[in-house]
Amino acid sequence: MGKVMWGILISFVIIFLIGLIIRQLYLSFVKKYSILLNKVQEINKRYAFYKFSCECDLSHTYDNEKFFQNISEEDYLIYQLQFYNYKNKVLNQIGFMNYNYLNFPKYQNEIKELTIKNEYSKKPKGYVVKLLNYYENKLYQKSLQKPVTSFYLKVTLYLAKINGQVYNKKEKSFTSERIKNLVNRLKNKNGDFYLDKGIWDAISRVERGRVTNKLRFAVYKRDGYRCRYCHRSQNVAVLEVDHIIPIAKGGKSTFNNLQTLCHDCNSSKSDRLL
Ligand SMILES: [Zn+2]
């Protein structure tokens, strides 16, 4: 490159840098002296809106088509709302969004009054005033708070093959009203038992669905691929996993509460319980 080219390039860089410096000067001048901006800051301090920061969305992957079909997004949500930490996280976030919802209109009113009163909103004259006005408006738009004022959470259920490849999906969003309703219904309990039938059935479906194919095969392996009652092997009988303490009696889908039964023994066990 020739000397002239270098000269032009360096001039452009210098002009660009001077432009940046002037811009900074305008911005800091406006920040310091703008009555409008200072008043917005003052209002912003009085309204500390909450961020929508809840990691409340739920997702789960089933490896069994039957469970994926039987268990609804709401069933899965109800199951998780049993747990204190999760429930509290959700209820706190609902409270925060409710604060935003109630206070945002008041905030907007105060801002509106401010803009009407603002003396700088008169038509600017002159290049410098126009530029100052431009930067003021830019900073003003930036400093306005736009909080999230509604709450919802999303439940996504996936169906995957044994190799982990997802091939089906369902998804539903829940409003704070719906969630509060579910939380209240969950309060209706006696020990470990939920008295609301809809709630109890939902929790039972999810509990049953916690027997993954992996867990099922681990139970078969532990029991030597034989029915624990009649000792027939998988070569002569259809094996199933059975809850030793039934889910209807508060049993859980844990390794120790599961046993291998053949289809015949399992059916007659259910008949006895009925
Ligand atoms: Zn058997």
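What you are looking at is a predicted structure, and each value in this text was computed from that prediction instead of being measured. All ligand and atom numbering here is 1-based and tracks the order in the structure.
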message: I'd like to know whether the aromatic ring centres of Phe29 and Tyr26 sit less than 6.0 Å apart in this structure.
response: no
task: Using the test side chain to side chain contact (heavy atoms under 4.5 Å, CB included), find all partners of Arg210 that sit at least two apart in sequence or belong to another chain.
output: Tyr79, Glu207, Ser253
Tyr229 six-ring face occupied by Lys269 cation (under 6.0 Å, within 45°): no
field: Aromatic ring pairing Tyr62/Tyr76, orientation class (parallel under 30°, perpendicular over 60°, tilted between)
entry: perpendicular
NZ or CZ of Arg208 within 45° of Phe67 ring axis and under 6.0 Å: no
statement: Note on the Zn ion (ligand 1): protein N/O/S atoms within less than 2.8 Å are Cys227 SG, Cys230 SG, Cys262 SG, Cys265 SG
- request: Taking Asp57 for its side chain and Lys154 for its backbone only, find out whether a donor-acceptor pair lies under 3.5 Å.
  value: yes
